[in-house]
Amino acid sequence: MLIRKALLATFALAMAAGAAMADDKPKYELKVAIAAPAVIYGPAYVALAEDLFAKNGLKVDLVSTNAMQTGSAMIVSEQADVVLTNAYLGLRIATEGKDLSYIMNLSGMGARVNAFISKPAIKSVQDLAAAGTNCRILLLPPGTGSWAILQGIIKKYGLKCTISTAGTMPNVVAGALSGQFDAAMVNPQDAYAARDAGKANILIDPLTISDEDATSLYPYSHPFSIAIGMRSTLAQKRGAVEIFIKTLREANQEIEKRSPEDLGQLLATRLPEVFGSTPASALALQWRIQQTLFPHSGNAGYITPDEWRTLISSGPALWGFANLKASDPTVAYDKVVDMSYFEASEKH
């Protein structure tokens, strides 16, 4: 009898442990791709570093952190449910008539998004301008923040360099540091790491540029890094998407509370597979810049109709979308922006 009671007690404990494990299992799953290992996608990286998704019952399968050129195809082919990328790359899908939805803004656009660096022999933008056509600049292709900001730099300083592009930021950085190019547009964190290693000069530093100069290089204010997905996929995984947005909003609150130095250390130590050898000090400088670009307040991340109109209107002039028109119904706010997931996230 005692043995039987002992066995029953052991069985009960095992069942309880199994139930606890079942309760700990994430209720939702989502496949996510991120365009680049950059702090402009900071809310997602903070959420990953602090395990906030899992704490909210969401398992995130991070399928890529280098999906600048592949992210659009990944959501169309269902390799990813949600892609965090820049706002204009999503427009490539929308203008093709595909049912795409923008569901959250992560970071605003401005001239401080990128840094303009040069090889050590070039000390200023004026030196680059003096080279006339005998210089080469490397950056990401049209439709990216790098491309948009460089158009402002070219106009302001009269640059006549040959322009070359690479598909990913790591390739731009590698090309810039190889000595084959005279200048490049890179993430600020990469610029600071290259400068500190004595491999590059920073010609335009987003940390020190004045508001007036920043506005002269990029005069518009609108969402830049955003979360998008195909409408049907998002609807099928609505619960998971709402938790995803809720978690990003919580990460925004964490970012507002913490110092740039703390956040730089967090990404460097918790996500070395993403940020590689970039030192915490370089990431901290990037976080300091992002304080001027991240949306603030409890409604941070909500995309408004006015912000959307500004985004569309700046496309032809600076982003390489010559045929983009604000009147195009395929990119109308009500057609491609869906804030219902954002609104529902407050209920979780």
Side-chain angles (χ1 to χ4, degrees), residues 30-36 38 40-41 44 60-109 113 140-148 165-169 220 222-238 240-241 244-245 248 301-305 307-342:
L30 208 60
K31 293 179 291 185
V32 177
I34 305 177
I40 58 170
Y41 304 104
V60 166
D61 180 10
L62 191 59
V63 295
S64 176
T65 58
N66 201 22
M68 179 66 72
Q69 295 301 313
T70 59
S72 299
M74 291 176 81
I75 54 172
V76 172
S77 64
E78 299 183 355
Q79 292 176 271
D81 303 315
V82 173
V83 171
L84 307 185
T85 187
N86 90 53
Y88 286 94
L89 292 181
L91 289 176
R92 296 186 188 280
I93 305 174
T95 53
E96 292 172 1
K98 295 184 173 65
D99 288 329
L100 176 80
S101 291
Y102 286 65
I103 57 176
M104 186 175 178
N105 173 35
L106 282 79
S107 176
M109 177 59 191
V113 164
L140 292 172
T144 63
S146 297
W147 184 271
T165 62
T168 68
M169 186 56 77
Y220 303 102
H222 57 74
F224 176 50
S225 61
I226 43 81
I228 57 175
M230 302 306 294
R231 188 179 303 170
S232 58
T233 302
L234 296 173
Q236 290 169 9
K237 301 193 174 185
R238 186 169 192 97
V241 176
F244 184 72
I245 299 298
L248 291 180
Y302 193 95
I303 302 171
T304 69
E307 289 172 335
W308 186 255
R309 281 190 288 271
T310 302
L311 187 152
I312 296 297
S313 66
S314 62
L318 295 172
W319 292 80
F321 286 88
N323 298 321
L324 183 65
K325 293 180 173 56
S327 59
D328 184 348
T330 63
V331 295
Y333 179 85
D334 292 338
K335 172 74 173 175
V336 295
V337 180
D338 187 350
M339 289 291 100
S340 67
Y341 296 94
F342 188 97

Which atoms form the tightest heavy-atom contact between [X] and [Y], and what is the distance?
X    : Y    : value
R92  : P142 : NH2-O, 2.7 Å
L318 : W147 : O-CD1, 3.5 Å
L311 : P223 : CD1-O, 3.5 Å
A44  : L106 : N-CD2, 4.5 Å
V82  : A227 : CG1-CB, 4.2 Å
N86  : G145 : ND2-N, 4.3 Å

Is there a side-chain contact between [X] and [Y] in this structure, where contact means two heavy atoms from C-beta onward sitting under 4.5 Å apart?
X    : Y    : result
P141 : M68  : no
I228 : L89  : no
L100 : M230 : yes
Y333 : M339 : yes
S313 : H222 : no

Taking atom CD of E78 as the centre, report whether more than 12 heavy atoms of other residues, nucleotides or ligands fall under 6.0 Å from it.
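Count not over threshold, so no.
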Check whether any side-chain N or O of [X] sits under 3.5 Å from a backbone N or O of [Y] as a donor-acceptor pair, and report yes or no.
X    : Y    : value
S146 : L140 : no
Y341 : Y102 : no
D81  : G229 : no

Parallel, tilted or perpendicular for W319 and Y88, by the 30°/60° rule?
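Aromatic pair W319/Y88 classed parallel.
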Evaluate the criterion side chain to side chain contact (heavy atoms under 4.5 Å, CB included) for residue pair M104 and I226; output intermediate values, then yes/no.
CA-CA 6 Å; M104 186 175 178; I226 43 81; over 6 Å; no
Going through the checks in order, is the side chain to side chain contact (heavy atoms under 4.5 Å, CB included) test met by Y220 and M109?
CA-CA 8 Å; Y220 303 102; M109 177 59 191; over 6 Å; no
Taking salt bridge (charged side-chain N to carboxylate O under 4.0 Å, His left out) as the cut-off, I'd like each qualifying pair that reaches into residues 313-340, sequence neighbours left out, listed once.
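Found D99-K335.
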With A38, which residues qualify under side-chain contact (heavy atoms from CB on, under 4.5 Å), at least two apart?
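Checked A38 against side-chain contact (heavy atoms from CB on, under 4.5 Å); matches are A36, I40, Y41, N187.
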List in chain and number order the residues that pass side-chain contact (heavy atoms from CB on, under 4.5 Å) with S64, two or more places apart in sequence or in another chain; answer none if no residue qualifies.
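Listed in chain order: A33, N66, A67, M74.
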